[in-house]
Peer 1: 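The structure under discussion is supplied below as C-alpha cells; questions concerning it will follow.
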Protein chains: 2
Amino acid sequence: MTETDTQAEHQVDTRVALLDVAEKLFSEHGIQAASLRMITQQAGANLAAVHYHFGSKEGLVKEVFSRRLRPLEEERLRLLDACDLSGGIEGTGIEQVIHAFVAPVIRRLRESPGEEHPFAQLMGRVFNEPSEEVKSMLVQEFKLTADRFLDALRLLLPHLSEKELMWRFHFLAGGMGHTLSCRKMIAKFSDLCAGSSPEEMLRYLVTFMASGLRAPATAGSDLQGEPA
Amino acid sequence: MTETDTQAEHQVDTRVALLDVAEKLFSEHGIQAASLRMITQQAGANLAAVHYHFGSKEGLVKEVFSRRLRPLEEERLRLLDACDLSGGIEGTGIEQVIHAFVAPVIRRLRESPGEEHPFAQLMGRVFNEPSEEVKSMLVQEFKLTADRFLDALRLLLPHLSEKELMWRFHFLAGGMGHTLSCRKMIAKFSDLCAGSSPEEMLRYLVTFMASGLRAPATAGSDLQGEPA
DNA sequence: GTCTATATAGCGATAGAC
DNA sequence: GTCTATCGCTATATAGAC
C-alpha cells in the first residue's frame, strides 16, 4: 500500500465515516439533537471536515438520506416491474406489489445482522422531524415511486375511487413505516414481537395489507360498525 | 370581576397558555427545536415561568403529553367497553373495536375546525423523537390500553397466533398514526387526500383495517406472492 | 408568581496556518 | 484535506429583586 493510496483511502474514509456516523446519531437522537461535534468526534474527523465535504449540516443531512434512498427506490421500481398484474384482484398481483414495496426495506434491515439498522429508524423519524427543506426533498424523492405503485394498484383495484385508493396506499406505507421504525418500542409491548425476524414480519404484513387492499369499497355515508 | 379573580385567572391562564403554545410549537418544530424562549414569548409569559410551573423543559413536555393522553385513553377504553364482541369474526365487533381505537383521536382532530390540531401531529412525532425518559412514560401510558384492545381482538380472532395478533395490532396503530400525523405531507402527494375530512378518512380506515384483521392466518413458511 | 439579569454551556460556521 | 482557534449566537437554567 503506497502512501498516496493511504491518503486517498483516508479521504474517502472520512467522507463515508461522517455519513455512517451521522446516520447512526441522527437515528438515535434526531437530526437536530445530533450535533456536528458529536458526529465528527465519533467519526474520528475534525469539526471543519463536515463543512469541507458537505458545505453545511443541511448538506450532510441531505446526503445521508439520498445515499440510502436512491438505490432503495430503484430496487422498489425494479421489483414492481417484475410483478404480474394480469390476475387482477383475484391473482397474487396485490401480494407481489406489496412485496415489491416493502421487501427492499426489509432486505436492508437484515444487512446489519443482530443490530438495528440505523437508517430504518431514521426513516421513521423522517416524516415528522426534519426541516421543510429536507421534507420537500423527500416528497420529491418518493413521489415518482409512489405514483408508479399507485398506477399498479389502480390496475388491480379498479372498483376503488381514486381517493380511497390513495388512502389505502398511505395505510400500507404508514403501517410499514411504523412497524419498521419503532421496532424497539414495539418490543416493549410484547416479547413476541421482539422475537420476530424481519422476514417473519414481512409475511404478516403482506397478509394483512393485501386483505386490507382487497376490501370492498367503503359505502358513501354509513359509519360502519359505529356503536349505537 | 374582582382583582383576586383576575390574578387567579391569570395564574391559570399562564399555565394553560404555556401548555397550549408548547403543544403547538412542539408539533410544528419538534420538541428539541422548540425553545423555551419561543414558547414563553408566544404565550405572553416570562422565560422563568416554565421553571416555576413545570420545573424544567422535560416537565413541560411530560405534562403536554399526559394532559391529552389521559382523557384520550379513558375515552378509548370507555368505547371499547361498549363494543359488542358476541358476533365473533362474523359480526361488526371488529369494526367497533377499530372505531373505539381511532374515533377518539379523530374527534379531537375536529375540535379545531379548519386547522390542524397540534396534538395529532405531535402524536406522530412522539414515537420517534423524544428522550428515553419521555418514551418510557408513553409506553407506560399506552400499555394498559393496548393490552385491553388486544384482549378484545384475541376474542374476535381466536384463529390467530399470539404473535400475528400482536403484529396486526401494530399495523393498525401504525397506519392510523402515520395518516393522522402526516396529513400535511400526505396532502403533498395528492390533492384528493387533502380534501378528505377526518370522518371520511376514518371510514376508509375502518374498512381497510377490518379487512386486514380478518385475513386468514399467515401460512408458516411460504412467502406469499413473492415474484419468481 | 412574575420579572430582570446572568451564569454556564453548547451550537453551526468560518478564517487561516499547515 | 485537515487542523486549531474563535466568532456570533442560542440554549436551559437559576439567583434574586419586586
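Below, chain A is the first sequence line, B the second, and so on; all start at residue 1. Being a predicted model, the structure only gives us computed values, none of them experimental.
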Peer 1: With the side chain counted from C-beta on, respond yes when B:V21 and B:M38 share a heavy-atom pair under 4.5 Å apart, and no when they do not.
Peer 2: no

Peer 1: Between B:F169 and B:F101, is the gap from one ring center to the other below 6.0 Å?
Peer 2: yes

Peer 1: Write down the distance between CD (A:E58) and C1' (C:dG12), rounded to a whole number of angstrom.
Peer 2: 12 Å

Peer 1: Tell me, do A:T14 and A:N46 make a side-chain contact under 4.5 Å, heavy atoms counted?
Peer 2: no

Peer 1: Which whole-number value in Å describes the distance from A:I39 CD1 to C:dG12 P?
Peer 2: 8 Å

Peer 1: Does a side-chain N or O of B:T14 approach OP1 or OP2 of C:dT2 to a distance below 4.0 Å, or not?
Peer 2: yes

Peer 1: Measure CD/A:Q32 against C1'/C:dG10 and give the value in whole Å, please.
Peer 2: 12 Å

Peer 1: Identify which nucleotide among D:dT2, C:dT4, D:dA13 has an atom closest to any side-chain atom of B:L47, counting heavy atoms from C-beta outward.
Peer 2: D:dA13

Peer 1: Identify whether any heavy atom of A:A48 sits under 4.0 Å from a base atom; if not, whether one sits that close to sugar-phosphate; answer base, sugar-phosphate or nothing.
Peer 2: base

Peer 1: Check the distance between C:dT4's C1' and B:Q41's CD and give it to me in whole angstrom.
Peer 2: 16 Å

Peer 1: Could you tell me whether the side chain of A:R37 has a donor or acceptor atom within less than 3.5 Å of a complementary atom in the base of C:dG12?
Peer 2: yes

Peer 1: When you look at CD of B:E58, are more than 12 heavy atoms from neighbouring residues, nucleotides or ligands closer to it than 6.0 Å?
Peer 2: yes

Peer 1: Could you check how far CG of B:L36 sits from C1' of C:dA7, rounded to whole Å?
Peer 2: 16 Å

Peer 1: Taking for each residue the nucleotide of DNA chain C bearing the nearest heavy atom, is the 5' side occupied by B:N46 or by A:A34?
Peer 2: B:N46

Peer 1: May I have the distance from A:R15 (atom CZ) to D:dT2 (atom P), rounded to whole angstrom?
Peer 2: 12 Å

Peer 1: Please tell me if B:H51 has a side-chain N or O lying less than 4.0 Å from either OP1 or OP2 of C:dT2.
Peer 2: no

Peer 1: Roughly how many Å is it from CG in B:L60 to P in D:dA13, rounded to a whole number?
Peer 2: 10 Å

Peer 1: The criterion is side-chain hydrogen bond (donor to acceptor under 3.5 Å, both in side chains); which residues satisfy it with A:K188, sequence neighbours excluded?
Peer 2: none

Peer 1: Select one nucleotide: of D:dT2, D:dA13, C:dG12, the one nearest the side-chain heavy atoms of A:H53.
Peer 2: D:dT2

Peer 1: Give a yes/no on whether any side-chain N or O of A:S35 is located under 4.0 angstrom from OP1 or OP2 of C:dG10.
Peer 2: no

Peer 1: Of the options C:dC11, C:dT4, D:dA13, whose atoms approach the side-chain atoms of A:M38 most closely?
Peer 2: C:dC11

Peer 1: With respect to the side chain of B:K57, which nucleotide from C:dC3, D:dA13, C:dA13 is positioned closest?
Peer 2: D:dA13

Peer 1: To the nearest Å, give me how far apart CZ (B:F54) and C1' (D:dT14) are.
Peer 2: 18 Å

